[in-house]
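Positions are given from 1 along the sequence.
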Amino acid sequence: AFSQAGTWEIQRLSAEIKNLENSQNLSPSPRLEELQEENARLKYRLNILKKSLQEESLSHRGKAMLNINQRLQEVFGEAIRASCPELDNPPLSIAPSQQAKFGDYQCNSAMSMSQMLKAKGTKMNPREIAEKIIKNLPDNELVQKTEVAGPGFINIYLQKTFVSKQLSNLLINGVQPPPLPSKKKVVVDFSSPNIAKEMHVGHLRSTIIGDSMCRLFEFLGYEVLRLNHVGDWGTQFGMLIAHLQDMFPDYLTVSPPISDLQAFYKESKKRFDTEEEFKKRAYQCVVKLQSKEPEFIKGWNLICDVSRKEFQKIYDCLDIKLIERGESYYQDLMVEVVKEFEKKGLVELDEGRKVVFPPEQPIPLTIVKSDGGYTYDTSDLAAIRQRIFEEKADIIIYVTDSGQSTHFQVVFAAAQLIGWYNPKVTRVEHAGFGVVLGEDKKKFKTRSGDTVRLMDLLDEGLKRSMDKLKEKERDKVLTPEELTKAQRAVAFGCIKYADLSHNRNNDYVFSFDKMLDDRGNTAAYLLYAFTRIRSITRLAKIDEATLKKAAETTEILLDHEKEWKLGKCIQRFPEILQKILDDLLLHTLCDYLYELATTFTEFYDSCYCVEKDRQTGEVIKINMWRMLLCEATAAIMAKGFDILGLTPVERM
């Protein structure tokens, strides 16, 4: 409440000061001195208010990691507005510097501001604006110095003591997310395989990317609903149930032993295409299923259960949690959807079909087919309506291949047209992804041209990761239990990371050799790097309690250039997460973790954490502040792994 009142008070005082300054341009009068005194008093009050607001904002952040970029934006935003009050929404551009000689961060706003002023008829060169911004910088806790470079860049140097305090805070409180202004609900629709069909690599991408997005939102404090929109309804169930009745006539009392549902599906499809009588029966079965006749519902449930068990094996391997809510869930809601579109006069008839034309969209939606049946369009409209009104979602994300982007674009446009949501209030987004290619750069298939079974792929990953561990002779130093843990961590971690480390919008080449390589930006490299960092304190025989005490009492020195580089890199974690929250591109986190691991290696090669006697190998000296930097690096890596769904192991 104080923040709100404080902000209003600042606005009121600023307006009053403006009035007083304007009145100073009047000809001298008896009140002039009085007004000038009042002006000085108000300015003093204004500064005190600003300072206490700033302190309050920082104390609110308390235990959370501070997003330095965001904090710099607050500080420079204020200076920019004060430098050119005549500009509406002046650009605010702050980014980490690419080279140490240009400071730690750079503010690049002056150039665009100069252009904006020019458009208003005012000439001011960017360097002049940059100088003005620096002059107007408010007192703050994080900037040590600034300098104008080149055409008008502002190089920003951070206070080392400030970064050091942030690192101590991280070690004392753990990796804490920034406080959320309000609790928001997120629905993520991902994985979504089809019942009675094998999961393929496209489902693998959706599953891995969707799970990682959920993990990010969960860490940041959102309420997340993870939905598996399985294809569990439709005409194909007619032929599956008809085939079930023929193959296992007693299916109502004895559970049919269908082990290979894929083969079962192919058999029923073949009969559907070649036997006219069977085809008729299949259509009758669809009608009976849709009118929910008990024995047909039982047959449908049996088929769904066989599929569920197969899907679950894959979800267990990859540690994926999902709530199944398939197309069948929305059947009754579709009637309402059609009625609502008709009531608002948004439906047109087209050759017996009921269609909706959202404005500025390339294609219409078919909400009722000419035979009276519903379509994907209808079920997706029913799903989005349920998620907005019943789930009360603030954010809805669909993770499917990019081939479906037009479909979702039209569905979202229709939902806005009918007034279900306002994109300025509710964020609804399709997070598309490219296809998985084989090493020949063609669509990923088996040698015989079939779709690759996911379970076979995961088994192959396990086999190869064990070969890799044995090649490194890890089987000689790890217990059988540790070896299996390492095998699973590497196999499944590498498959996930290979996917997540590519920009999801692009196609990516699936290659076990590349993903299991322990050089370069791979899970294998990062998992080994993490294990090495974790072993530093173990080999120095420093226990948990000693580290905890050191975090509270030891100042983390950042005097060596490699200590400083590592300290700043660790502190960039919150801004990386903020960027992913905005664009849902997870490869940014992979790139950051790789940068953190390589920056750590530079630090470890240049700065002794533990000093040993050359002759005896005995530990002579432990540089505790450096051990704390090792701990902080490991803490961030562990949290990054958690968001990506990787499982680090202490020994590998």
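In this structure, R504 contributes its side chain and L584 its backbone to a donor-acceptor pair below 3.5 Å. Judged by distance alone, the side chain of S465 and the main-chain N or O of V490 form no donor-acceptor pair under 3.5 Å. Between the E482 side chain and the T479 main chain, a donor and an acceptor come within less than 3.5 Å of each other.
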How far apart are the C-alpha atoms of S402 and S405, what are their side-chain angles, what is the distance that settles it, and do they pass the side chain to side chain donor-acceptor pair (under 3.5 Å) test? CA-CA 5 Å; S402 299; S405 63; over 6 Å; no
Verdict with supporting geometry, D380 and H407, side chain to side chain donor-acceptor pair (under 3.5 Å): CA-CA 10 Å; D380 279 335; H407 164 71; 2.6 Å; yes
Check the pair E429, I396 against side-chain contact (heavy atoms from CB on, under 4.5 Å), reporting the backbone distance first and the verdict last. CA-CA 6 Å; E429 212 168 312; I396 306 172; over 6 Å; no
Walk me through it: do E295 and W300 pass the test side chain to side chain donor-acceptor pair (under 3.5 Å)? CA-CA 9 Å; E295 62 182 83; W300 170 72; over 6 Å; no
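Two rings, from Y525 and Y594, have their centers less than 6.0 Å apart. F412 has its ring centre less than 6.0 Å from the ring centre of Y398. Under the 6.0 Å cut-off for aromatic ring centres, F278 and F272 do not qualify, their centroids lying 6.0 Å or more apart.
Screening residues 428-447 for ring pair (Phe, Tyr, Trp, His ring centres under 6.0 Å), with sequence neighbours left out, gives F408-H430, F444-F510.
Taking every heavy atom of both residues into account, Y421 and I384 meet most closely at CE2-CD1, 4.3 Å. Counting all heavy atoms, side chain and backbone alike, Y222 lies closest to L581 at OH-CD2, 3.8 Å. When every heavy atom of G434 is checked against every heavy atom of D507, the shortest pair comes out as CA-OD1, 3.3 Å.
Between K392 and D394 there is no salt bridge, since no side-chain N of the basic residue sits under 4.0 Å from a carboxylate O of the acidic one. Of the charged side-chain nitrogens involved, at least one lies within less than 4.0 Å of a carboxylate oxygen, so that R519 and D517 count as a salt-bridged pair. Taking 4.0 Å as the cut-off between side-chain N and carboxylate O, E310 and K313 count as a salt-bridged pair. Taking a cutoff of 4.0 Å between a charged side-chain nitrogen and a carboxylate oxygen, R271 and D246 qualify as a salt bridge. Remark: D459 does not engage K463 in a salt bridge, criterion side-chain N to carboxylate O under 4.0 Å.
Put simply, NE2 on H502 and CG on L585 are 14.0 Å apart, with the number rounded to the nearest 0.5 Å. Put simply, OH on Y251 and CG on L302 are 8.0 Å apart, with the number rounded to the nearest 0.5 Å.
Within the 4.5 Å cutoff, no side-chain heavy atoms of R226 are placed close to those of I323. Contact check for V338 versus V347: no side-chain heavy atoms found under the 4.5 Å cut-off. Side-chain contact between F357 and V355: present, with at least one pair of heavy atoms (C-beta onward) separated by less than 4.5 Å.
A cation-pi geometry, defined here as NZ or CZ lying under 6.0 Å from the six-membered ring centre and within 45° of its normal, holds between K472 and Y528.
Classified by interplanar angle (parallel below 30°, tilted 30° to 60°, perpendicular above 60°), the ring pair H243/F264 is tilted.
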